[in-house]
Amino acid sequence: MSAATETIARAIIRDHGRLLVARERGKTRTFLPGGHVEPVESALIRELAEELGTAGRITAFAGVIEHRYTDRGNAHHEINLIFDAELDATPSSQQDHLEFDWLPIDQIDTTDLRPSALKALIASGNTSFWHSWSDDK
């Protein structure tokens with residue numbers, strides 16, 4: 001089964017040893033806040049405001065993760081552009097289907113964070129990375 005490639009801009013938002021993660025209500029997997037790309041930086045800033053109800057800014061480019069998965073029988077292929085970001089105010093979900101939680105980074109190994117390659121990269125403190133789906137053997 002072939003999937004169209006989606007390009008996603010996502011933000012690593014840290015606060016006192018915690019990581020902000022999103023989860024679709026009723027599901028256990030989590031992911032970083034962000035969204036589908038137009039011009040990358042403006043898409044990420046727009047998505048943060050739309051989803052979190054606060055302005056933010058990109059502070060650095062962190063890396064790229066290519067990710068494939070199947071959800072409800074549909075194949076997906078993503079190119080995730082990951083950025084470090086900061087928020088201007090406390091986040092509050094603006095989307096009925098999403099909730100946001102602060103995840104202590106020391107609990108990242110026991111959380112179903114997607115793409116899963118992010119877990120080791122964030123926990124290691126790497127500031128720049130590339131991870132291809134072919135690395136997930």
Side-chain angles (χ1 to χ4, degrees):
M1 176 180 341
S2 175
T5 299
E6 300 176 48
T7 302
I8 313 286
R10 299 204 181 273
I12 297 170
I13 302 171
R14 302 170 203 241
D15 180 61
H16 298 90
R18 301 178 304 164
L19 174 71
L20 186 65
V21 295
R23 175 181 47 259
E24 285 187 64
R25 295 187 192 278
K27 295 193 177 182
T28 59
R29 66 177 177 257
T30 60
F31 48 91
L32 298 179
H36 292 81
V37 173
E38 298 108 25
V40 176
E41 295 87 357
S42 60
L44 181 54
I45 295 301
R46 175 188 49 79
E47 286 288 334
L48 292 177
E50 286 177 7
E51 292 178 0
L52 301 173
T54 182
R57 74 197 131 291
I58 294 169
T59 58
F61 178 70
V64 178
I65 293 182
E66 189 173 6
H67 179 60
R68 293 189 308 176
Y69 69 98
T70 302
D71 184 36
R72 294 186 288 257
N74 296 316
H76 298 268
H77 179 240
E78 301 175 337
I79 304 293
N80 288 268
L81 306 173
I82 313 293
F83 296 86
D84 282 303
E86 296 176 348
L87 299 176
D88 292 343
T90 302
S92 175
S93 181
Q94 305 297 301
Q95 306 284 322
D96 290 339
H97 70 288
L98 291 178
E99 54 191 21
F100 294 90
D101 298 306
W102 287 106
L103 171 68
I105 292 176
D106 62 2
Q107 295 178 16
I108 202 167
D109 286 339
T110 59
T111 302
D112 186 13
L113 179 66
R114 307 280 176 96
S116 60
L118 279 168
K119 292 174 14 172
L121 295 166
I122 290 171
S124 73
N126 283 347
T127 57
S128 182
F129 55 82
W130 160 258
H131 183 89
S132 169
W133 64 267
S134 60
D135 294 336
D136 293 331
K137 303 262 189 267

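Residues take their numbers from the sequence shown, with the count starting at 1.
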Sequence-distant partners of [X], side chain to side chain contact (heavy atoms under 4.5 Å, CB included), two or more places apart:
{"X": "Ile108", "result": "Leu19, Leu103, Leu113, Lys119, Ile122, Ala123"}
{"X": "Arg46", "result": "Glu38, Ala43, Glu50"}
{"X": "Ser42", "result": "Pro39"}

Exercise for review: Output yes when a side-chain donor or acceptor of Thr59 lies under 3.5 Å from a complementary backbone atom of Asp84, and no otherwise.
Suggested key: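 Yes.
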Practice item. Taking ring pair (Phe, Tyr, Trp, His ring centres under 6.0 Å) as the test, write out the residues that go with Tyr69, two or more places apart. Key: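 Expected list: His67, His76.
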Minimal non-hydrogen separation, [X] against [Y], with atom names:
{"X": "Ala11", "Y": "Leu32", "answer": "O-CB, 3.5 Å"}
{"X": "Ala85", "Y": "Leu48", "answer": "CB-CD1, 4.4 Å"}
{"X": "Gly56", "Y": "Asp88", "answer": "N-OD2, 4.2 Å"}
{"X": "Arg25", "Y": "Ser93", "answer": "NH2-OG, 4.3 Å"}
{"X": "Pro33", "Y": "Leu52", "answer": "CB-CD1, 4.5 Å"}
{"X": "Pro91", "Y": "Thr54", "answer": "CA-CG2, 4.4 Å"}

**Study point:** Side chain proximity check, Glu78 to Arg10, heavy atoms < 4.5 angstrom
**Key:**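 Touching, per the 4.5 Å side-chain cut-off.
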Practice item. Side-chain contact test, heavy atoms from C-beta onward, threshold under 4.5 Å: evaluate it for Leu98 versus Glu24 and give yes or no. Key: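 They are in side-chain contact.
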Check your understanding: Quick one: ring pair (Phe, Tyr, Trp, His ring centres under 6.0 Å) pairs with a partner in residues 80-112, sequence neighbours left out?
Key ->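 As it turns out, the ring pair (Phe, Tyr, Trp, His ring centres under 6.0 Å) pairs with a partner in residues 80-112, which skip direct neighbours, are Phe61-Phe83.
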Exercise for review: Quick one: do Ile82 and Ile12 satisfy side-chain contact (heavy atoms from CB on, under 4.5 Å)? Show the steps, please.
Suggested key: CA-CA 7 Å; Ile82 313 293; Ile12 297 170; 3.5 Å; yes
**Study point:** Reference residue Arg29; test side chain to side chain donor-acceptor pair (under 3.5 Å); the match among Asp71, Asp112, Thr111
**Key:** Asp71
Rounded to the nearest 0.5 Å, what separates atom [atom1] in [X] from atom [atom2] in [Y]?
{"X": "Ile65", "Y": "Leu118", "atom1": "CD1", "atom2": "CG", "result": "3.5 Å"}
{"X": "His77", "Y": "Ile79", "atom1": "NE2", "atom2": "CD1", "result": "4.5 Å"}
{"X": "Asp101", "Y": "Arg23", "atom1": "CG", "atom2": "CZ", "result": "4.5 Å"}

**Study point:** Test salt bridge (Lys or Arg N to Asp or Glu O under 4.0 Å) applied to Glu86 - qualifying residues, sequence neighbours left out
**Key:**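 Applying salt bridge (Lys or Arg N to Asp or Glu O under 4.0 Å) to Glu86 gives Arg57.
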Review point. Do Phe31 and Ile8 belong to the same hydrophobic cluster, where Ile, Leu, Val, Met, Phe, Trp and Tyr are linked whenever their side-chain heavy atoms lie under 4.5 Å apart, directly or via other members?
Key: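 No, separate clusters.
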Check your understanding: Should Ile58 and Val64 be counted in the same cluster of Ile, Leu, Val, Met, Phe, Trp and Tyr side chains packed under 4.5 Å apart?
Key ->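 Yes, Ile58 connects to Val64 through the hydrophobic network.
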